[in-house]
Amino acid sequence: MVDRKEQFEALRNVINKHKDEKGALMPVMQEAQNIFGYLPQDVQIEIAEGLGITLSEVYGVATFYSQFALQPKGEHVISVCMGTACYVKGAQAVLDKLSESLGVAPGETTADGKFTLMATRCLGACGLAPVLTVGDDVHGRVIPDEIPSIIAKYES
Amino acid sequence: MSKMISLTIDGVKVQVEEGTTVLEAARKANIRIPTLCFLEEINEIGACRMCVVETGARTLQASCVLKATEGMDVKTNTRRVRHARKAVLELILSNHDQQCLSCARSQSCELQRLAKELEVFDSHTYKGERTDYKVDDFSPSIVRDNNKCINCRRCVSTCFKKQAVGVIGPVGRGFTTSIESPWKMHLSETACIGCGQCIAACPVGALREKDESPLVWKLLHDPKKHVVVQTAPAVRAALGEEFGMPIGTNVTGKMVAALRRLGFDQVFDTDFAADLTIMEEATELVSRIQNNGVLPMITSCSPGWINFCETFYPEFIPNLSTCKSPHEMLGAIIKSYYAEKTGIATGDIAVVSVMPCTAKKNEADRPQLAALGVPDVDAVITTRELAKMIKSNGVDFVSLPDEEYDSLLGDSTGAATIFGATGGVMEAALRTAYETITGKTLENLDFHAVRGLKGIKEADVQIGDLTLRIAVAHSTANAKILLDSIKSGEKSYHFIEIMGCEGGCVNGGGQPIVTDETRARVDHRTLRAKALYTADAGSVRRKSHENPGIQRLYKEYLGTPNSQKAHHLLHTHYEKHSKYRQSV
C-alpha cells in the first residue's frame, strides 16, 4: 500500500523545486503523475495552491493533454491502435469487442482495477495491423474473436 | 510620443502610433471590421478569425492581434475575406443550438447580428456532430448554457484578469473543448463570487442571470401580498439603454412610473437606504478609530466583493464593516418600521429589489440577512430583467411621465445617488464623517480624488486633527492588489471602499449589455457615472444626515446610529468560505 502522506511530501518537494521557474506547471504535473499514477482532484489543488495559480488552469492543462490521466490506471493498460493502417484493418471492431468484454468505454478502468482500455494513435507497428498492446506486450493481427483469450491471459 | 506609422486600409490613408493593431487603426478610420472573440483590453487572442483581413501575406491575418506596419496595404472586405468570415460563422453555428426565439440575448447577441450582416441564409450549412450540454442553473446568480457557447473565452479572461477569480476555463481539446469549471463542478460549487462580469463579457446567451421575473410576476398577481419594490442608485443611470435611450440618460422618473404600471404597491428608493448605510457606516468608522477597533475598515455594500473577501481574503473579515448592504437594510426596515406604521403583517409583505448586480441574488439567500425571521428581501431582479418585465407588460417606457417615489422610504440625497459609481460610498461617508467629527459645515462637498476610473485611488483627507488615509478599489483584481499591499505592510489606511465590478455598480453584472463595438466608441462606465454625479450636483440635499426621512426614522424608531435596534436590523456578520467547496 502506498503511503499518500509520503506521496504528497514528494509532490511538495517537486513544487518547491520548480515554483520560481517560468512554465513550471507542465513539469510539476508530469512529476505528479509519476508519483501518483494519475492526477486526482486533491493533487491538482495542491499544485494550484503551490504554484499560486487557479485550479481551472491546472484542470485545463490536465484535460488538454492525453498523457495526463484523471482516473487511476488499471493494473494492465490495453491500448488499441487507431492509426490509419490499423483502422482500415478493423481496429474499431477490436476496440468494440474489448469494450463489450470488459464492460468499460475507451478511457475507462474496470471496477476491479484490472484493466484500463485506451484508444491510441499510431503505435508504429503498421505491418502487424490491427495492433494492440497490453502493458509492454504487443499483439498483432488481432481479430475480435481472439479478445476473450487475450483478456484471460492477464486476468489471473 | 511614440513613432507614427502610415498605412492604407481599403484605400484610406491612416496614421497611427507604432504598436497599434490593424483593428484599432480601422476603427480609428471608421472602417468596421467584425469581431467576436475580441474584447478590448480583456480578450485579445485572435482565436475566432472573424476579424481576418488581407494584407498581401499568403494567409488571411487576424486584425485584432496584427500590428500595423509602415506602408501596409490592408483590405478588409474582399471576396476572400467575406468567404472566410462566413465559413467561420457557419462552422460556429453548426455546433450552436440556434434557439434565438427563447434566448435572453436575442437582439443583443453578437453572433445573431453577425449572421445577419454576413448574410448567412442557411444556418445549417454544415450538418455535423452537435454537443449536448446540461445547463448549469444551480447558482442563485448565474446560469451557464454551453449549448450557446462559442468558446470565445471572453468570460474566462474577464474572470481571470478583471476579477482575479478564475473559476471557468477551457477544458478538453479540439471539437470537445468546452468552457467549464474545474472537474465540471457547478458554478455554485466553485469560488464564483456571482459578480456577473462574465455575463457582461459574453457575446451570446451562454451566460445569463438566474431569471427571477417569474417569481416577481407571481408575487404581483397574488392578491394577499403587499409587494414593495426598491431600486438601486445605478439602475436609473442605465435602464433607459434597454429602450434605445443614449447611455448615461437618467430615467429615475420614468422608472418609478413604470414600476407603478407593473403593479407594485409601493415604490421605494434604495438611495434612502444608502443614506441609512452612511449613517451606520460613518458612525462605525468613527467608533473604530476612537476605540482602537480593527482598521482599515472596508465597505460592505458590494456582495461580489464580500464573496471575494470571504473566499480569498478571509483574514480581512474583521475589517469588513458590519453594515448590511443598502437594499438589505431597506428590506429589514420595510418589514419592521414600515409594517408597524401601516399595520400590514410582516409575512404579507414581499420586498423586490431591482439591482445592477447578479451577486445581490445570492446575497438575498444568506441566512443571516433575515432580521425579522423571514428574508429581508424576497426577490432580486437585475436592470435587464426589469426592462424585460416592462416590455412584456406593454408599457411604452420612453413616453411615460416622470413620477416620484413613495414618500415614507423614498427620500434621498445626492450622497446616496453616487453610491452607484466607484468612490461614491467613500465620498458620501466622508461628507457625513467630516461633519459628525468636527461639528463644522463641510464647504466643498466634491472629493475628486476618489472619482474616476483609476484602478486604485488613494488620498489623505484632513478631518479636524485627524489625517484620514483612504483608498478606493474597484474590480476584485484591483482589490487583490490593494489587499496584498496592506498584507505586506507596504500600505496602511483607515478606510477603504471596495466594489466588485470595475467602475462600480454602474458597470455591474446585471446592467444592460454593452457590446465591444460600443465600448470602442464610448466609455459606458464614465457616462453612466456622470448621470449620477450630475444628479448629486443638482440635489438640494447632498449629505446623508440631512435626509429628512432618515432623521424621522431614527427619531421615531431606531434611536441613534449603531443603537441596539439598529444593530439588530441593519448589521450582519460574515463567514470564511473554502475556495474548493466540493470534492469529487
Side-chain angles (χ1 to χ4, degrees), chain A residues 4-5 7-8 11-12 15 19 23-26 28-30 32-33 36-73 82-83 87 92 105-109 111 118-122, chain B residues 45 47 131 136 144 146 149 151 153-187 189-193 198 308 311-314 476-477 480-481 483-484 487-488 577-584:
Chain A
R4 257 180 95 71
K5 246 180 157 168
Q7 288 180 317
F8 269 93
L11 174 60
R12 275 189 281 272
I15 291 169
K19 75 174 174 195
L25 181 58
M26 290 289 280
V28 168
M29 287 175 73
Q30 278 166 340
Q33 176 145 303
F36 292 88
Y38 70 116
L39 297 171
Q41 195 182 56
D42 52 357
V43 170
Q44 291 194 20
I45 288 174
E46 187 76 31
I47 294 172
E49 289 293 315
L51 296 178
I53 60 176
T54 64
L55 183 58
S56 286
E57 288 166 274
V58 180
Y59 186 75
V61 172
T63 55
F64 185 86
Y65 293 104
S66 53
Q67 300 97 308
F68 291 124
L70 300 185
Q71 304 295 333
K73 290 261 169 78
M82 299 299 276
Y87 190 81
Q92 187 64 51
E108 291 179 356
T109 301
M118 302 287 285
T120 73
R121 305 212 168 163
C122 182
Chain B
I45 59 175
T131 328
D136 175 11
R144 282 195 345 106
N146 270 349
C149 177
N151 285 339
R153 301 176 192 203
R154 281 161 55 159
C155 58
V156 174
S157 301
T158 302
C159 193
F160 270 82
K161 290 191 205 165
K162 288 279 169 188
Q163 304 306 110
V165 172
V167 290
I168 41 175
V171 166
R173 180 177 191 160
F175 179 74
T176 62
T177 306
S178 58
I179 306 303
E180 308 279 355
S181 294
W183 296 88
K184 306 214 171 176
M185 291 175 196
H186 299 304
L187 215 44
E189 295 159 341
T190 69
C192 170
I193 61 170
C198 55
F308 185 81
T311 309
F312 296 92
Y313 286 89
T476 40
K480 182 180 161 64
I481 296 169
L483 296 179
D484 285 342
K487 264 170 84 169
S488 71
H577 290 305
S578 165
K579 255 195 267 181
Y580 310 104
R581 284 174 204 171
Q582 193 226 22
S583 53
V584 175

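Chain letters run A, B, ... following the sequence lines, proteins first and then strands; every chain starts at 1. Note that this is a predicted model, so its numbers are computed, not measured.
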For this session: Could you tell me which portion of A:Ala62 (side chain, backbone, both or neither) has an atom closer than 4.5 angstrom to a non-hydrogen atom of chain B?
Result: neither
Exercise. If you measure from CD on A:Gln41 to OH on B:Tyr580, what distance do you get to the nearest 0.5 Å?
Worked result: 9.5 Å
Exercise. What is the distance from atom CH2 of B:Trp183 to atom CG of A:Leu55, rounded to the nearest 0.5 Å?
Worked result: 8.5 Å
Heavy atoms from other residues, nucleotides or ligands near [atom1] of [X] exceed 12 (cutoff 6.0 Å):
X        : atom1 : value
A:Arg121 : CZ    : no
A:Tyr87  : OH    : no
B:Lys480 : NZ    : no

Seminar exercise, completed: So, the part of B:Val156 with a heavy atom under 4.5 Å from chain A: the answer is neither
For this session: Please step through side chain to side chain contact (heavy atoms under 4.5 Å, CB included) for the pair A:Glu57 and B:Phe160, ending with a clear verdict.
Result: CA-CA 10 Å; A:Glu57 288 166 274; B:Phe160 270 82; 3.3 Å; yes
Taking all non-hydrogen atoms of both residues, which atom of [X] and which atom of [Y] are closest, and how far apart?
X        : Y        : value
A:Ser56  : B:Pro182 : OG-CD, 3.4 Å
A:Thr54  : B:Gly166 : CB-O, 3.7 Å
B:Gly172 : A:Thr63  : N-OG1, 2.9 Å

